[in-house]
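Please read the structure below before turning to the comments.
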Protein chains: 2
Amino acid sequence: MSKMHKERTLTKNQQIIFDLIDKSPEPLKAYSILFNVQKKGINAPLQVYRALDKLVEIGKIHKIESRNAFIACHNSSCQVAKATAFSICEICEKVTEISSAGLSKYLANFKDKDGMKYSKYNLEFFGLCKKCNTR
Amino acid sequence: MSKMHKERTLTKNQQIIFDLIDKSPEPLKAYSILFNVQKKGINAPLQVYRALDKLVEIGKIHKIESRNAFIACHNSSCQVAKATAFSICEICEKVTEISSAGLSKYLANFKDKDGMKYSKYNLEFFGLCKKCNTR
DNA sequence: AACACTGTGTAATAATATAACATTAATATA
DNA sequence: TATATTAATGTTATATTATTACACAGTGTT
Ligand SMILES: [Zn+2]
Ligand SMILES: [Zn+2]
Ligand SMILES: [Zn+2]
Ligand SMILES: [Zn+2]
């Protein structure tokens, strides 16, 4: 029930591009995606960007804004791309989606002094991953 | 004493570009900056990007990653671009730097389950500003 | 002087993203 | 079923954002 929003049938292009991103161990960039799916008949940047836009919109993937790259969502608690948090290693560029009930609760309830209420946020943490930290 | 890190003498190009950003009511994009400083002898994108990079590095400006735009820092508590938070109106695109001791304390101390410690973060909230919300 | 370091100027190019238009597929609803 | 509507596709061209490469100038140090 809780993940119902993600059970949408993808179109052909969306499925091809999602599969590629989903099986990638690292975030993928649009033109790298384009290069990889040309053998499947997707020839133009716009075809990639349209699929990416839709996949982001429905929460199947997220955009890592500081890297202009896309990662599949493996976090059942992140509702349709409305609340995202990532850790990014500044050496090896490994990106991990953060799944913390405390963090999302804190941010979802955060109100600034103007009383502006937010419908969405994106948080990117930077540092060294465990591996890179011990070298 | 607390803002010592920002008291650096800017070079000519850095000063020109900082002044432009600092007096702008909205985030500026690199090529819009370029257009605006051509009368001052800055002719090429690279001259703009070099100044922007340095200004970001020393914390005089911040990059709004989701908008590829730059805003001057007016927040004495944000130490050299290591910890930034913004609110962004999805209608009028107004951007405000958030200055909340509670938020920065929470995020600075946040540790994920891997125990990865972060040296830096960037947070962007999206919603409607007061003005746009009441229309 | 020799060196390192930082910044500048210029040209060329790479990388990221969108506009415009024609067509086709899927869905709704009358 | 017909038809209207919406969503997705294919293609070309173009706009926007950012970097590479190279030559040179200023400043401080040894
Ligand atoms: Zn997610
Ligand atoms: Zn790493
Ligand atoms: Zn700031
Ligand atoms: Zn607004």
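Labels below follow one simple rule: chain letters A, B, ... track the order of the sequence lines, proteins then strands, and each chain is numbered from 1. Just so it is clear, the values below take in all heavy atoms, side chains as well, and ignore hydrogens, waters and symmetry mates.
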For this session: Using Watson-Crick or G-U wobble geometry with both distances below 3.5 Å, tell me the partner of C:dA30, or none.
Result: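 WC or wobble partner is D:dT1.
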Rounded to whole Å, please give me the gap between [atom1] in [X] and [atom2] in [N].
| X | N | atom1 | atom2 | result |
| --- | --- | --- | --- | --- |
| B:K40 | C:dT8 | NZ | C1' | 18 Å |
| B:D53 | C:dG7 | CG | P | 11 Å |
| A:L52 | D:dA8 | CG | C1' | 15 Å |
| A:I42 | D:dA8 | CD1 | P | 14 Å |
| B:I33 | D:dT17 | CD1 | P | 11 Å |
| A:Q38 | D:dT11 | CD | C1' | 14 Å |
| A:R67 | C:dA17 | CZ | C1' | 19 Å |
| B:L28 | D:dT16 | CG | P | 16 Å |

If you check the [X] side chain, which of [options] turns out closest?
| X | options | result |
| --- | --- | --- |
| B:Y49 | C:dT8, D:dT12, D:dT17 | D:dT17 |
| A:P45 | D:dT20, D:dT11, C:dA17 | C:dA17 |
| A:Q14 | D:dG10, C:dA17, D:dA8 | D:dA8 |
| A:N68 | C:dT16, D:dT12, D:dT19 | C:dT16 |
| A:N13 | C:dG9, D:dG10, D:dA18 | D:dG10 |
| B:K54 | C:dA17, C:dG9, C:dG7 | C:dG7 |

With respect to the phosphate group of [N], does any side-chain polar atom (N or O) of [X] fall under 4.0 Å of OP1 or OP2?
| X | N | result |
| --- | --- | --- |
| A:N43 | D:dG10 | no |
| A:Q47 | D:dT9 | no |
| A:T11 | C:dA26 | no |
| A:K12 | D:dA8 | no |

For this session: Return the 5'-most residue of the pair B:L46, A:K63 with respect to DNA chain C, ranking by each residue's nearest nucleotide.
Result: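 Upstream on the strand: B:L46.
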Okay, side chain of [X], backbone of [Y]: is any donor-acceptor separation there less than 3.5 Å?
| X | Y | value |
| --- | --- | --- |
| A:N109 | A:K105 | yes |
| B:E124 | B:S66 | yes |
| A:N36 | A:S32 | yes |

Exercise. Is there a donor-acceptor contact under 3.5 Å linking the side chains of B:E97 and B:H74?
Worked result: no
Exercise. Using a distance-only test with no angle check, is there a side-chain donor-acceptor pair under 3.5 angstrom linking A:D19 and A:Q15?
Worked result: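 The criterion, which ignores hydrogens and geometry beyond distance, is satisfied for A:Q15 and A:D19.
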Exercise. Is any N or O donor-acceptor pair between the side chain of B:Y31 and the base of D:dA18 shorter than 3.5 Å?
Worked result: yes
Exercise. Centroid-to-centroid, B:F86 to B:F125, below 6.0 Å?
Worked result: no
